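As a basis for the values below, the full set of heavy atoms in this structure was taken, side chains included, without hydrogen atoms, waters or symmetry mates. Keep in mind that what you see is a predicted model, and the values were worked out from it rather than measured. Counting from 1, the numbers follow the sequence of the chain as shown.
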Amino acid sequence: MEQITILARVFGSLFYFPLTHTNNLELVKAMGDSDEESLFSGLAQRMAIDGDIALATDFQQLFEGMDVMPAPPWGSVYLDREQVIFGDSLLRYREFLTQQQMALDTGMREPEDQFGLMLLALANLIEQQSDHVAARELLEQHLLPWGYRYLELVEKNAKTQTYQYLAVAMQQWLHYVQQELILTPADMKVYF
């Protein structure tokens, strides 16, 4: 579980903050510092090729929205019939967080069901509870039902190799976690 916790925290940061953010640059450098080919050395190589301007533009399009958001990073957009942020699925997720005595306050008025924030919450739940029941519930009920669809859209709509690569790597990691923890995602209809 320690490896899952570490990677949930790393991926959470990579999917919440711009890749050009100082913390993410340091994370990728620290995780990719080796002579052998690894996920993070591959990510660092692609970041160098794409460059800061292209990465910043792609982040803005994919995570903040310019005109149209081709891959909204909030669960309720995928799980609610109306495809809106702050929908019913977010309310259920907030209730879950309250039951876990967890508050996510980023200082901005934003939905807590943002993909990267959910990964950061997952890392905290794993660290707090030895039985990992809440972490499993977060994955099965709140993240996995829409996560793969979201990552497919990131991969399809990213303009940089870096975000395409990151989306594929995240899909593989989620699949690994799902198998490792023997998780069965809730049977929810994805609308987006």
Determine yes or no for a side-chain-to-main-chain donor-acceptor pair under 3.5 angstrom, with [X] supplying the side chain and [Y] the backbone.
X	Y	answer
D80	S89	yes
N157	L62	no
S76	V84	yes
D58	A158	no
Y78	P72	yes
R136	L181	yes

Taking only residues two or more places apart in sequence or in another chain, which ones pass salt bridge (charged side-chain N to carboxylate O under 4.0 Å, His left out) with [X]?
X	answer
R92	none
E180	none
E137	none

Just how far is it from atom [atom1] of [X] to atom [atom2] of [Y], taken to the nearest 0.5 Å?
X	Y	atom1	atom2	value
L122	R9	CG	CZ	9.5 Å
L139	H132	CG	NE2	12.0 Å
L166	R46	CG	CZ	11.0 Å
W146	L153	CH2	CG	10.5 Å
M31	N24	CE	CG	11.5 Å

Distance-minimising heavy-atom pair for [X] and [Y]:
X	Y	result
L120	S13	CD2-N, 4.0 Å
E155	Q171	OE1-NE2, 3.6 Å
A121	L138	CB-CD1, 4.0 Å
F96	A134	CZ-O, 3.3 Å
P145	P185	N-CB, 4.3 Å
L151	A167	O-CB, 3.6 Å

L174 and L143: CA distance, side-chain angles, deciding distance, side chain to side chain contact (heavy atoms under 4.5 Å, CB included) verdict: CA-CA 10 Å; L174 272 182; L143 183 66; 4.3 Å; yes

Does [X] share a hydrophobic cluster with [Y], counting links as ILVMFWY side-chain heavy atoms below 4.5 Å and allowing steps through other members?
X	Y	value
I49	L55	no
V168	Y150	no
V133	L144	no

side-chain hydrogen bond (donor to acceptor under 3.5 Å, both in side chains) against Q179, all qualifying residues, sequence neighbours excluded: H175

Listed partners of A44 passing side-chain contact (heavy atoms from CB on, under 4.5 Å), at least two apart: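 So A44 forms a side-chain contact (heavy atoms from CB on, under 4.5 Å) with V28.
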
Flag the pair [X] / [Y] as yes when at least one side-chain heavy-atom distance between them is below 4.5 Å, and no otherwise.
X	Y	result
L91	R94	yes
I126	E2	no
L119	M170	yes
Q61	Y163	no
L43	M47	yes
L19	T160	no

Centroid-centroid distance, F86 to W74, less than 6.0 Å: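 Not under 6.0 Å, so no.
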
No-hydrogen, no-angle side-chain donor-acceptor test under 3.5 Å, Q45 and Y165: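 No.
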
Evaluation steps, side chain to side chain contact (heavy atoms under 4.5 Å, CB included), between Q100 and Q129: CA-CA 10 Å; Q100 305 312 314; Q129 300 176 348; 3.1 Å; yes

Sequence neighbours excluded, every pair satisfying salt bridge (Lys or Arg N to Asp or Glu O under 4.0 Å) that has a member inside residues 143-153: R149-E152

Whether F59 and F63 hold their rings parallel, tilted or perpendicular, with breakpoints at 30° and 60°: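 Judged by the thresholds at 30° and 60°, the geometry between F59 and F63 is parallel.
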
F11 and F15 aromatic ring geometry - parallel, tilted or perpendicular at 30°/60° bounds: tilted

Option from E112, H142, M118 for which side-chain contact (heavy atoms from CB on, under 4.5 Å) with L97 holds: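 Of E112, H142, M118, side-chain contact (heavy atoms from CB on, under 4.5 Å) with L97 is met by E112 alone.
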
Test side chain to side chain contact (heavy atoms under 4.5 Å, CB included) applied to L7 and V177, step by step: CA-CA 10 Å; L7 287 176; V177 170; over 6 Å; no

Flag if over 12 foreign heavy atoms under 6.0 Å of CD, Q99: yes

Steps toward side chain to side chain contact (heavy atoms under 4.5 Å, CB included) verdict (E26, T22): CA-CA 6 Å; E26 290 174 8; T22 304; 3.4 Å; yes

